[in-house]
Number of protein chains: 2
Amino acid sequence: MNKNERFYENQQCDGICPVKKTAEIIDGKWTTQVIRELLSGKKRYSEVQRALDGISPKVLTSRLRMLESKKLLTRTIYATVPPTTEYELTKLGEKLELVIYAMAKFGEELRE
Amino acid sequence: MNKNERFYENQQCDGICPVKKTAEIIDGKWTTQVIRELLSGKKRYSEVQRALDGISPKVLTSRLRMLESKKLLTRTIYATVPPTTEYELTKLGEKLELVIYAMAKFGEELRE
DNA sequence: GTACGTACTTCCTTTAGTATAGTAACATCC
DNA sequence: GGATGTTACTATACTAAAGGAAGTACGTAC
């Protein structure tokens, strides 16, 4: 980390700061958890919904659509009956694993 | 990352998930930026306010108090005139650097 | 006595999230 | 053959939280 110890200084955050851009993506109560679910492989809408106990369909749909619009995941609809939809992280979206991983490691430090 | 490749799986997120705990801390438009400012050393209230263009005093105060209550930073008031307050990350708070660093790296990938 | 700096607080609006109900298309149960 | 179930949503109504604009209290300097 030494060679990057000054990455967080002001001048690097003029205009649009990379930290801010990432913060805007992972902002909200559920976004990180949706991403975490998809890190273990593509999943259907209902699978994500069941895994994230308590998320409302409105919020889940809005988070998935937001991530799709940012090219972090793809949405594939299958014309089965009833129709199913699969969500899968893109290569870009998979790079969020490093962020989620850092968050998980920090979260473990918080046990008291 | 191989030895930890399954860190994000469900069973590790039963109860209170570490990712969720970290997400609750860094949630919001300004929290990560406040932390980033303090990563380069202790700062006064007004210094943080000037660095984060557009933040309202109410939001800044609430973020700083929240971080203080979670033991991520300390607040020291000096009886000068006018009084000054210094905010400094604790050892625990400094560990957020790894999270912010991962966020910065990801944010750089988003340039298009 | 008015203007300034610091560290806030109060008020109000906007946004995020919750809860619940409903839709379309078919398949199976009774 | 009508009722019920499944999937992936959409719609509506409500509440709680976040955030922005503006004001406050305390003193110094001039």
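Throughout, protein chains are lettered first and strands after them, A, B, ... in sequence-line order, and every chain is numbered starting at 1. Fair warning: this is a prediction, and the values are worked out from it, not measured in the lab. Note that these values count all heavy atoms, side chains included, but never hydrogens, waters or copies made by symmetry.
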Just compare C:dA19, C:dT6, D:dG19 and give me whichever is closest to any side-chain atom of A:Ser56.
C:dA19
Between CZ of B:Arg44 and C1' of C:dA7 the distance, given in whole Å, is 11 Å
Selection from C:dC8, D:dC9, D:dT7 that lies nearest to any side-chain heavy atom of B:Tyr45:
C:dC8
Reference residue B:Tyr45; test side chain to side chain donor-acceptor pair (under 3.5 Å); the match among B:Thr61, B:Thr84, B:Thr85:
B:Thr61
Nearest to the side chain of A:Ser46, which nucleotide is it out of D:dG20, C:dA7, D:dA8?
D:dA8
Rounded to the Å, how far apart are B:Gln33 CD and D:dA18 C1'?
15 Å
At less than 4.0 Å, is any side-chain N or O atom of A:Arg65 found next to OP1 or OP2 of D:dT10? Yes or no.
yes
Within this structure, what is the CG-CG distance for the pair A:Leu67 and A:Leu38, rounded to the nearest 0.5 Å?
8.0 Å
Regarding A:Glu108 and A:Lys105, does a basic nitrogen lie under 4.0 Å from an acidic carboxylate oxygen?
yes
Contact class for A:Pro83 vs. all strands (heavy atom < 4.0 Å): base, sugar-phosphate, or nothing?
sugar-phosphate
The nucleotide from C:dC8, C:dC11, D:dA8 with an atom nearest the side chain of A:Thr85 is D:dA8
Figure out the NZ/C1' separation between B:Lys43 and C:dT6, and round it to whole Å.
18 Å
Mind calculating the distance between CD (B:Glu47) and C1' (C:dT6) to the nearest angstrom?
12 Å
Here the gap from A:Gln33 atom CD to A:Leu60 atom CG, rounded to the nearest 0.5 Å, amounts to 11.5 Å
Base, sugar-phosphate alone, or nothing: which one does B:Tyr78 contact when heavy atoms must sit under 4.0 Å apart?
nothing
Any ion pair linking B:Lys21 and B:Glu24 (charged N to carboxylate O, less than 4.0 Å)?
no
B:Ile55 CD1 to C:dA7 P, in whole Å, measures 14 Å
Roughly how many Å is it from CG in B:Leu60 to P in C:dA7, rounded to a whole number?
10 Å
According to a strict under-4.0 Å criterion, is B:Tyr87 in side-chain N/O contact with OP1 or OP2 of C:dA7?
no
Would you say the side chain of A:Lys58 and the base of C:dT18 hold a donor-acceptor pair, judged only by whether the two atoms sit under 3.5 Å apart?
yes
Of A:Asp27 and A:Arg75, the one whose closest nucleotide on DNA chain D sits nearer the 5' end is A:Arg75
Can you tell me how far C1' of C:dA16 sits from CD1 of A:Ile26, to the nearest Å?
16 Å
DNA chain C: A:Trp30 or B:Ile77, which has the more 5' nearest nucleotide?
B:Ile77
Taking CD from A:Glu24 and P from C:dA16, how many angstroms apart are they, rounded to a whole number?
11 Å
Select one nucleotide: of C:dT18, C:dT20, C:dA25, the one nearest the side-chain heavy atoms of A:Pro57.
C:dT20
